Engineer: 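Please see the structure below; I have some questions.
Side chains included, hydrogens not; waters and symmetry mates left out as well; all remaining heavy atoms used. In this text, all values refer to a predicted model and were calculated from it rather than measured experimentally. Along the sequence shown, the residues carry numbers beginning at 1.
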Amino acid sequence: SAPLPQSVSCIPHILPPPLFHSAHFISRSHPLSPSRAMILVQVNPGETFTIRTEDGHFQCITGPAQVPMVSPNGTMPPIFVPPGYVSQVEEVRRVQELLSAVCKPAVGSLTSHSAVLSWRPPLPLPSEVDTHSNTRAHTALLLSYELALSQSGTEGDFKLVYQFVGPVCECSCSAADCGFTVLTLGFECGRVCVACSSVKGAPSETVAFTTLCGTPDAPAAPRLIQRTKSSISLQWTSPNDNGSKITGFYLEYHEGKQSAFKEVYSGLAKQYKVMRLMPSTKYAFRLAAKNDVGMRCVSGLSLVLNCCCTASCSASPPAPPSPPRLTEAGVTWLSLEWGAPCGSASRDTPTYILEMEDKESVSGQKGVKGYNLGNGSLRQHVCEGLQEGTWYKLRVHCQSSGGQSQVSEIFSVETPPLPPGPCQALRTAGAAATSEIPLCWDPPVCDGGAPVSQYCVEMTQSAEEYQQQVFCGSDRCCTVSQLLPGRTYLFWVKACNPAGWGPLSEMCQASTAPGPPEQCSAPQLILNTSTSGLATWQTPEGNGAEVCAFRMEWGLQEGALELLYSGPLTQYEVSDLQPATEYRCRVQAVSAVGAGLFSDVATVTTPASVPAAVEHVEEMREGPLGDVMAHSPATTLALRWKEPNCHGAEISSYNIDIGEELPLSTGRTSYHILENLQPDTTYRIRVQAVNSMGAGPFSSVLKLRTRALPPEPPVLECAVAGPQSLKLKWGEGLIRPQTSRGTHYCLHMQLGVDRSICIYSGPSHTFKVQRLCEATDYQFSIQAHSEAGMGPLSPSYTFSTTRSPPPQLKAPKVELIERNKYAVTWEAHQPMKGDLIVYKLQMLRGREVEQLYKGPVTSYTWHNTSAGVACRLRVYAGRRSQDGSELWGQCSLSTGLPATEPPREHRISSCHEPQPRRSWPLTDEPFATVLLLGFVVLAVLFAVLIQYFVIERE
């Protein structure tokens with residue numbers, strides 16, 4: 001790691017108010033951290049740096065110079081610099097702000113003693129400043145990074161652990177990568193600081209992280225508490241558990257330098273007494289600790305102790321020799337050696353006896369073989385005649401003048417095995433399929449002293465080809481798949497044990513079942529003409545069965561091909577093709593076993609030809625030709641058709657044949673108007689398309705008939721004229737309606753000089769014009785139209801409405817003035833359009849009518865000369881025009897005469913006489929009412945009868 005800098009540059013902030021006219025005032029207001037207690041101020045050549053000292057005096061320093069500044073109270077003293085120096089100071093301050101913008105580190109790859117901290121570099125920094133042109137140039141600056149860690153997170157507890165210069169923004173906190181202390185387990189805080197040249201930014205935000213739990217620390221060597229002749233008592237302390245509670249201690253020991261450590265205790269206790277030890281023997285002990293994370297390596301130091309021994313007058317048996325150990329080994333022999341017993345005197349040479357126990361025999365008994373080696377100086381022996389791949393147990397004991405020692409620890413050893421022999425009886429395990437052959441075999445007779453772990457099957461199609469492995473596993477059967485049908489294959493098998501692979505077995509020959517033929521190659525397509533071609537193909541491999549037929553599919557789209565040919569030939573001629581069309585073809589071979597895969601699709605495109613026949617030729621009545629057809633429908637026919645297939649060459653024009661000598665040629669369009677035709681005439685029309693290859697066939701014949709000429713307008717007459725209506729008629733009327741069938745009429749009424757409206761349109765020959773004014777002239781014109789078109793408009797006809805009669809008067813009032821003398825009065829009407837209103841009074845005597853008065857007066861005095869006869873009076877109103885003509889309205893209702901009162905004495909004398917029966921004469925109005933009621937009753941009766949007898953029975 002790079003050494004820490006002795007001083008850190010710091011740039012103060014700028015205060016707005018200047019102190020002098022020739023200098024700017026710069027000060028530092030916030031406290032400085034310990035790492036920023038000193039700053040270096042760079043004074044450029046030709047500039048003056050002014051500073052105020054603590055005693056209040058001003059000191060001027062002329063550049064070039066670097067002025068170190070330290071404040072005893074941790075604050076920045078005021079600084080005065082020339083105007084040209086302000087921009088440089090501001091730029092350095094901006095650099096410091098950018099360096100301080102580094103984000104807090106991100107923590108990753110946490111372990112128990114390491115962590116990777118990474119961070120993003122600050123924004124690009126300006127490297128040069130031109131104070132005259134305010135132009136900044138940005139280059140890649142070399143930044144330095146300082147990483148500090150703390151376990152408490154307080155400001156004074158952070159320690160610098162890594163410092164480096166360069167673009168790297170990642171640090172792995174571990175002892176192997178960095179030369180600092182390894183992270184401890186638990187809570188940690190980290191922050192990074194960025195520096196550029198002499199400018200250093202503020203530290204980043206602090207990131208907190210906790211390391212993972214780890215295995216316990218290596219425990220210290222166990223401490224001896226007490227020892228006896230055959231026991232040793234040990235005690236130990238618990239190491240640091242590294243965040244996970246210790247779940248047990250493991251105590252191991254070994255005797256001598258050549259023996260391995262053996263576990264004598266495992267548990268949570270912190271002391272243990274080792275029993276059954278040999279006297280005067282050195283023992284080495286070591287201790288390991290374990291938690292939920294794992295086991296820490298055993299203690300680095302071993303405790304070597306001697307058991308106490310007691311003196312005796314008589315010789316004691318020798319100690320057991322060290323267990324045998326292997327020096328060399330062969331397939332059928334072992335070379336062993338062992339050490340002398342501890343504490344044996346040189347004058348007492350022991351005799352060694354080596355015992356060996358071989359593997360279990362066939363009867364299940366174990367054989368133990370002893371070797372009496374005699375001379376004690378001989379502590380090695382070669383055991384011969386052994387079996388390969390067999391475990392043997394060996395131990396040694398000695399005998400001296402003091403007696404026979406105990407046996408040593410048992411030493412187990414295995415002779416190396418040999419590779420197994422060849423496998424037996426490789427054969428098929430059943431019927432072969434088209435792509436699979438099942439195989440099975442017997443294990444080798446000799447396994448080489450080790451169990452067979454796996455088998456390998458190799459295959460080839462001929463003895464000259466390279467053998468490839470098709471199976472490797474522990475099973476003694478397999479199924480070889482992905483084979484070709486109808487093929488013969490050669491198989492071998494070999495076995496493997498820990499010593500290696502054995503030899504190959506005898507060859508086994510097997511064949512797959514016949515299968516469908518192989519996939520045909522893509523057919524070759526040769527065009528003979530634009531409408532025919534020849535397809536040929538090759539016969540593929542039959543896969544054990546002879547190819548007997550082929551299937552050829554043909555079509556325009558690859559997903560919609562149809563079977564076109566099935567037979568034994570290898571070619572087929574296709575006809576009736578469309579010109580300038582891309583066709584697709586594929587072939588499939590068929591045998592007695594089945595059908596093979598279809599070949600790849602072959603494509604061919606027929607050459608261009610004359611256009612196809614025009615279809616859908618029809619008459620067009622609406623559309624873009626509507627305006628032309630409206631002017632001359634009887635001598636024109638509008639045709640349209642659907643553009644046919646151009647067959648690879650663009651259509652240039654169309655020919656229209658209407659039965660004349662030369663057909664009519666048009667441009668490239670889908671419609672045309674035939675003009676100057678004969679009205680009401682049938683034409684046979686054909687259309688053909690023309691391209692650069694020639695003219696195509698004509699379309700089917702379309703029979704069209706031109707329309708007849710539009711009908712002439714009929715004669716308009718006024719059938720009935722009324723005061724407010726006119727009933728008009730035209731044509732033949734009701735006499736011959738069949739002659740005008742299919743003809744419609746449009747009746748126009750003139751509303752102004754240049755304005756007329758259609759008041760009726762339909763097939764009828766009469767129409768009643770309502771809501772007209774009386775005695776007014778109206779102008780009408782009529783126009784006929786049929787399927788042939790709209791006919792011309794007739795000349796104008798003028799018809800007048802009649803005068804309207806006065807309205808009906810109310811019944812007159814009759815008053816008796818004196819005997820047989822009456823006064824008759826009625827209501828008066830106002831004059832109508834200047835015509836005088838006259839009245840006419842009539843008397844009804846039975847069916848006789850007598851006129852009593854005629855004149856403009858609305859009253860009349862009448863003397864009845866016919867006493868005793870029933871009479872009734874009614875009145876008419878009429879209008880008298882200036883020419884003297886009169887128009888009378890309807891009569892009013894009739895009024896009867898009042899009764900004549902007889903003399904008094906006559907009434908008294910005749911009061912007891914019977915009154916004559918009064919008779920009511922039946923006048924016209926009551927008679928009409930009774931007749932109407934009779935007709936209504938009769939109609940209702942007929943309706944009931946029809947409902948009952950006709951409708952309900954049906």
Engineer: Would the distance check show the side chain of Gln750 and the main-chain N or O of Gln779 forming a donor-acceptor pair, the cut-off being under 3.5 Å?
Structural biologist: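 Checked: no pair found.
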Engineer: Okay, side chain of Thr581, backbone of Pro579: is any donor-acceptor separation there less than 3.5 Å?
Structural biologist: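 Such a contact is found between Thr581 side chain and Pro579 backbone.
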Engineer: Report, as yes or no, whether the 6.0 Å neighbourhood of atom NZ on Lys840 holds more than 12 heavy atoms from other residues, nucleotides or ligands.
Structural biologist: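 Count over threshold, so yes.
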Engineer: What pair of heavy atoms forms the shortest contact from Thr766 to Lys729, and how long is it?
Structural biologist: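 Result for this residue pair: CG2-CB, 3.8 Å.
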Engineer: Can you list the steps and then say if Leu809 with Tyr839 is a side-chain contact (heavy atoms from CB on, under 4.5 Å)?
Structural biologist: CA-CA 10 Å; Leu809 296 173; Tyr839 305 96; 3.8 Å; yes
Engineer: Under 3.5 Å, is there a donor-acceptor pair between the side chain of Ser892 and the main chain of Val875?
Structural biologist: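 Side chain of Ser892 to backbone of Val875, a donor-acceptor pair under 3.5 Å: yes, one is there.
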Engineer: Do the charged groups of Glu553 and Arg586 touch, with an N to O distance under 4.0 Å?
Structural biologist: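 Between Arg586 and Glu553 there is a salt bridge, with a charged N closer than 4.0 Å to a carboxylate O.
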Engineer: Between Glu827 (side chain only) and Lys810 (backbone N and O only), is there a donor and an acceptor less than 3.5 Å apart?
Structural biologist: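 At least one qualifying donor-acceptor pair exists.
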Engineer: How about Tyr572 and Trp554: are their ring centroids closer than 6.0 Å?
Structural biologist: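 Between Trp554 and Tyr572, which both carry aromatic rings, the centre distance is not below 6.0 Å.
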Engineer: Pick from Arg872, Glu850, Arg874: which one makes a side chain to side chain donor-acceptor pair (under 3.5 Å) with Gln842?
Structural biologist: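 Result for side chain to side chain donor-acceptor pair (under 3.5 Å) with Gln842: Arg874.
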Engineer: Determine whether Tyr778 and Leu772 satisfy the following criterion, side-chain contact (heavy atoms from CB on, under 4.5 Å), listing intermediate values before the conclusion.
Structural biologist: CA-CA 9 Å; Tyr778 292 94; Leu772 301 179; 3.8 Å; yes
Engineer: If only atom types and distance count, is the side chain of Tyr654 paired as donor or acceptor with the main-chain N or O of Leu664 below 3.5 Å?
Structural biologist: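 Between the backbone of Leu664 and the side chain of Tyr654 there is no qualifying donor-acceptor contact (under 3.5 Å).
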Engineer: Please check if the side chain of His647 supplies one atom and the backbone of Val610 the other of a donor-acceptor pair under 3.5 Å.
Structural biologist: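 Answer holds: yes.
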Engineer: Are there more than 12 heavy atoms of other residues, nucleotides or ligands under 6.0 Å from atom NZ of Lys833?
Structural biologist: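 Yes.
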Engineer: So, does Thr636 use its side chain to make a donor-acceptor pair with the main chain of Glu675 at under 3.5 Å?
Structural biologist: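 It does not hold such a pair.
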Engineer: More than 12 foreign heavy atoms under 6.0 Å from CD of Glu818: is that the case here?
Structural biologist: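 Check passes, neighbour count above 12.
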Engineer: Any chance the rings of His748 and Phe780 have centres within less than 6.0 Å?
Structural biologist: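 So the answer is no for these two rings.
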Engineer: Output every pair passing side chain to side chain donor-acceptor pair (under 3.5 Å) with a member in residues 684-695, not counting sequence neighbours, ordered by first then second residue.
Structural biologist: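 Residue pairs passing side chain to side chain donor-acceptor pair (under 3.5 Å), neighbours aside: Asn655-Gln688, Asp657-Arg686.
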Engineer: Does atom CZ (Arg551) have a neighbourhood of more than 12 heavy atoms from anything else shown, all under 6.0 Å?
Structural biologist: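 Counting neighbours around CZ of Arg551, 12 or fewer heavy atoms of other residues, nucleotides or ligands fall under 6.0 Å, so no.
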Engineer: What I want to find out is whether Glu815 reaches Lys813 closely enough, with some N-O distance under 4.0 Å, to be called a salt bridge.
Structural biologist: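 The answer is no: the pair does not qualify as a salt bridge.
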Engineer: Could you give the distance from NE2 (His863) to CG (Leu852), rounded to the nearest 0.5 Å?
Structural biologist: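 If I round to the nearest 0.5 Å, the distance is 13.5 Å.
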Engineer: Would you find more than 12 non-hydrogen atoms of other residues, nucleotides or ligands less than 6.0 Å from Gln770 atom CD?
Structural biologist: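 Atom CD in Gln770 is packed in, count exceeds 12.
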Engineer: Salt bridge check: are Glu619 and Arg640 linked by an N-O gap of less than 4.0 Å?
Structural biologist: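 Salt bridge between Glu619 and Arg640, a charged N being under 4.0 Å from a carboxylate O: no.
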Engineer: Would you check if the side chain of Thr776 reaches a backbone N or O of Glu774 as a donor-acceptor pair within less than 3.5 Å?
Structural biologist: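 Between the backbone of Glu774 and the side chain of Thr776 there is a qualifying donor-acceptor contact (under 3.5 Å).
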Engineer: For Asp883, I'd like to know if atom CG has over 12 heavy atoms of other residues, nucleotides or ligands within 6.0 Å.
Structural biologist: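 Buried by this count: over 12 neighbours within 6.0 Å.
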Engineer: Would you say the side-chain atoms of Thr531 pair up with the backbone N or O of Leu577, donor to acceptor, closer than 3.5 Å?
Structural biologist: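 Not a single qualifying donor-acceptor pair exists.
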Engineer: Should Glu886 and Lys854 count as an ion pair when the cut-off is N to O under 4.0 Å?
Structural biologist: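 Lys854 and Glu886: salt-bridged.
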Engineer: So, the side chain of Ser699 versus the backbone of Val687: is there a donor-acceptor pair under 3.5 Å, distance only?
Structural biologist: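 Looks like yes, one N/O pair under 3.5 Å.
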Engineer: Look at Arg880 together with Asp835 and state whether they make a salt bridge at an N to O cut-off of under 4.0 Å.
Structural biologist: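 Between Asp835 and Arg880 there is no salt bridge, as every charged N stays at least 4.0 Å from the carboxylate O atoms.
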